[in-house]
Structure formats: C-alpha cells, structure tokens
Amino acid sequence: MIPYLIPLIITLLAAITFDGKEKMSPIKTAIWAFLFVYLTCLVGLRYEVGGDTITYMAVYEWARPLSTWEFDLFGMYQPGYTFLCAITKSISEDFTLFQFFHAFIINTILFRFIRKYTKYIFTALFVLEFSIYIYFTTEILREVLAIAVFLLNHKNYEQKKWLKYYIGAALSCLFHFSAIILFIIPFLNKIRFNKKFIILSFVSLGLLYFTGNVMSHLGGSYIIDKFNGYWGGHYGYLVTFLYFLRNAVFPLFFAWIIKFKFKQELKFENIICIMILFGIGSAINPLIWGRTVNYFMIFFCISFGDYCGQAMKSANKRIHNNAWILLVFFLITYSTYYLSIKNYMRYIPYCSVMNPHYVERDNITKR
C-alpha cells in the first residue's frame, strides 16, 4: 500500500503548494521529475502486479526477437505491441525490461500531455494517479499504447487535419483493435454539452444496444468475432452500475456543474461528451462499451483536475469549498473500481523485481 501512497501524497502536497504558478521553479521541476522517475520505477519494476500482467509475462516467453519478428496484423497480439516486445526481447529474455520500457514510453507521453494542456499539472496528475493510472499501466498494456498514440494524435483531431488524424488512428489500431473507435469520433466532432445533448444521450443508448445485438448475429471477421467474445460476458448488476456511475453519471454531473451551474468553459468538452455517450453503453455491456471509454478518460481527468486546481486557488471561499466537495465525490466514485470484485488484490501487496515473490491474489492471477 505504501508504494502507492507515496506518489499520491507528494502529488497532492505539490498541487497545494505549486499549482497555478506560471513558471516551473527549480523545486517544482525537481518534484515533477521525481514523480516521473518514481512512477516509472513503480510500474516498470513491479513483479506480478496487475491481473493481465501475469498473462503478458507468460506470452512474452514466446515473443520473437527483431531478427525473426514478422508483421502479423491478425495475430494473437497486434504488430505494434509485438514489435516493442521484439525490441526488448533482442536485448533480454526478462519481461522486466519490456515493462520498464513500456512504463517509460507511457509516462513520457502522459507527462508531456499534462504539461501541454494544463498549468495545474500536479492536480491533474493526482486525479489520474488515483483513478486510472495503475489500471492503465498494469492491466491494459496494449490498449494504453493505442491511447498514448491518440494523445499524440489529438492535435490533429482538434485542428481537423483528418488525413493525419486517420493515419494516427490506424497506428493506434496497430497496438490494439479497440482503437477502431477512433475512426468514428470525427463524425461526432461538433457535439457539445447543451440541451440537445441530453436527447442525444437517449439516442446513443438505443444505438449502442442495437449495434451490439446486430454484431452479435454476425461473424466471419477478426474484429466482429472479438466483439462477440465480449458481448456475452456479464459482471453482475452491481459492477455494471459502478461502471455506469464512473463512465457516464459522474462525467455527466461534472459537465453539467461546469457548464450550467458555474457557467465556465469545459476543457475537452467535445471529448468528454463523446466519453459520456459511450459511457452510457456501460449500462448495456461494461465489457465492451466500458472499455471504449478508456480512450477518453485521460482527457476527462485533466479537465477535472484543471477545474479543481483553478477553483482551489480561487479567492472566493464558496468556489474553493465546492471544488473540495467535488473532489471528495470524485474520490468516492472512482475508488469503487478498487473495491468491486476485489480489484485491489491485483495491486496489493506491491511486489518488486528487487525482491520477487509470488502472491496468491484471490485466484485472479493464478499461474
């Protein structure tokens, strides 16, 4: 537990002390650099932490080095991921090298993206650390690479440079086929959070249900077969509700508060609206529509962190207190991920390759 609390506490204290100041002072820069190094080592030097990590460790034994690597679009894993495995496999048979390389890539892109889009960098990082960081870096190793490419590609989306954007979306698909969702969102580029959006939300629920049912009766292609493999799965009503709460209800509540209650600009408004539309689908099938939300969560976290950082620095006591209340609701809402179906056992206790030992994680990560 302590290894996870260290960056959370340091980030929160740094947010209170430094956020909102225009210049990066030497101390602020040093803390930012420390958090980058710490998180990279925390994730990169883990040992059997994260449920899916165990699977990736096993598959890595069969990974090919660069000398025999082949481009296989419809293999077990997409070629972008296998290429990264081939790079590290050419150096070492130990999966630790790959996961450290993976952590370095993700953190480099993530820290750069935060710096680019908010001056409340520590608040945004704290929100990310608490809600999705461990899940992104220890569970969805392939998908997070596709998400990282989308972060780099987001500027093309903003500027409507569609040729460059679709090239970037294709690169995302080379890491995980779930990135096919990125080919759809340009058609939703004009959506904003307004009264029409509420109607669109109900339409979205119907369309996602209809799409799932139609695809469940199709077959014959790699992507559709993968879709159908998840469509029949079900976590139970409580877990489905919690997915719906995290992916749609709270983001919807946050957008409503900012736009209509406080009448402020909502950072990444379009992306958050798209996130809510797909997040509503979590009520239908969290295994599929809940996963699509992953591509938008970093934008939501930065938007939420940006607002909280700004409001907490406000001289208006009411605005300041409201931000803290909203943050508490955020922490309660997104802590449900760790509590539901004993997800916390995937990460606690933390084990390092410096002192490796096997931990029985309630049958989640059996060898």
Side-chain angles (χ1 to χ4, degrees), residues 1-20 28-46 49-50 53 99-100 102-141 143-144 147-148 151 246-247 250-251 254 267-268 293-310 312 323-324 326-340 343-344 346-350 352:
M1 189 73 174
I2 293 178
Y4 302 114
L5 289 176
I6 290 173
L8 278 172
I9 293 172
I10 292 176
T11 307
L12 181 60
L13 292 176
I16 296 171
T17 306
F18 298 107
D19 265 357
K28 183 177 180 180
T29 301
I31 295 175
W32 186 248
F34 170 79
L35 288 169
F36 175 88
V37 173
Y38 184 94
L39 290 173
T40 301
C41 291
L42 179 73
V43 176
L45 299 178
R46 71 187 186 277
V49 174
T53 290
Q99 68 180 17
F100 192 89
H102 181 274
F104 178 81
I105 292 173
I106 298 304
N107 283 340
T108 298
I109 295 173
L110 179 62
F111 273 61
R112 175 182 177 273
F113 192 79
I114 293 173
R115 284 283 304 273
K116 182 177 181 180
Y117 284 100
T118 180
K119 64 180 181 179
Y120 301 97
I121 57 175
F122 292 111
T123 309
L125 181 60
F126 174 83
V127 169
L128 281 159
E129 287 173 345
F130 184 87
S131 58
I132 61 173
Y133 180 79
I134 296 300
Y135 168 68
F136 271 35
T137 54
T138 67
E139 300 290 346
I140 54 171
L141 270 66
E143 191 173 28
V144 76
I147 295 169
L151 295 183
R246 296 191 299 266
N247 293 340
F250 188 89
F254 170 65
K267 187 183 288 289
F268 300 129
V293 172
N294 289 341
Y295 286 88
F296 316 116
M297 272 300 298
I298 291 176
F299 297 91
F300 167 69
C301 288
I302 292 177
S303 178
F304 182 79
D306 185 81
Y307 164 74
C308 287
Q310 181 181 356
M312 288 172 183
W324 277 105
L326 195 58
L327 181 61
V328 169
F329 275 112
F330 174 89
L331 297 178
I332 293 173
T333 299
Y334 288 91
S335 66
T336 60
Y337 164 74
Y338 303 102
L339 299 176
S340 62
N343 276 332
Y344 64 89
R346 295 171 179 260
Y347 319 112
I348 300 173
Y350 175 83
S352 169

Closest non-hydrogen atom pair between Ser131 and Phe330, with its separation: CB-CZ, 3.7 Å
Set of ring-ring contact (aromatic ring centres under 6.0 Å, His included) partners for Phe299, sequence neighbours left out: Phe113, Phe150, His154, Phe268
Donor-acceptor under 3.5 Å (His102 side chain, Gly44 main chain): no
Smallest separation among heavy atoms of Arg46 and Thr137, with atom names: NH2-O, 3.6 Å
For Leu39, the option from Val37, Leu42, Val43 that meets side chain to side chain contact (heavy atoms under 4.5 Å, CB included): Leu42
Within-4.5 Å side-chain heavy-atom neighbours: Ile6 and Ile2: yes
Partners passing side chain to side chain donor-acceptor pair (under 3.5 Å) against Thr11 (at least two apart in sequence or in another chain): Glu129
For Ile298 against Leu151, the heavy-atom pair lying closest together: CD1-CD1, 3.9 Å
Smallest separation among heavy atoms of Leu128 and Cys301, with atom names: CD2-CB, 3.6 Å
Over 12 foreign heavy atoms within 6.0 Å of CG, Leu339: yes
Ring center gap for Phe122 and Phe126 short of 6.0 angstrom: no
Sidechain-backbone polar pair: Thr336 side chain, Thr333 backbone, donor-acceptor under 3.5 Å: yes
Donor-acceptor contact present, side-chain Thr40 to main-chain Phe36, <3.5 Å: yes
Phe250 ring center near Tyr334 ring center (under 6.0 Å): yes
Side chains of Tyr38 and Asn107, donor plus acceptor under 3.5 Å: no
Least distance between heavy atoms, Val49 atom then Tyr4 atom: CG1-OH, 3.4 Å
Residue pair Glu143 / Tyr295, side-chain heavy-atom distance below 4.5 Å: yes
Taking every non-hydrogen atom, the tightest pair across Pro251 and Arg246: CD-O, 3.3 Å
Whether Asp19 side chain and Ala14 backbone form a donor-acceptor pair below 3.5 Å: no
Sole residue of Asp306, Ile302, Val127 in side chain to side chain contact (heavy atoms under 4.5 Å, CB included) with Tyr120: Asp306
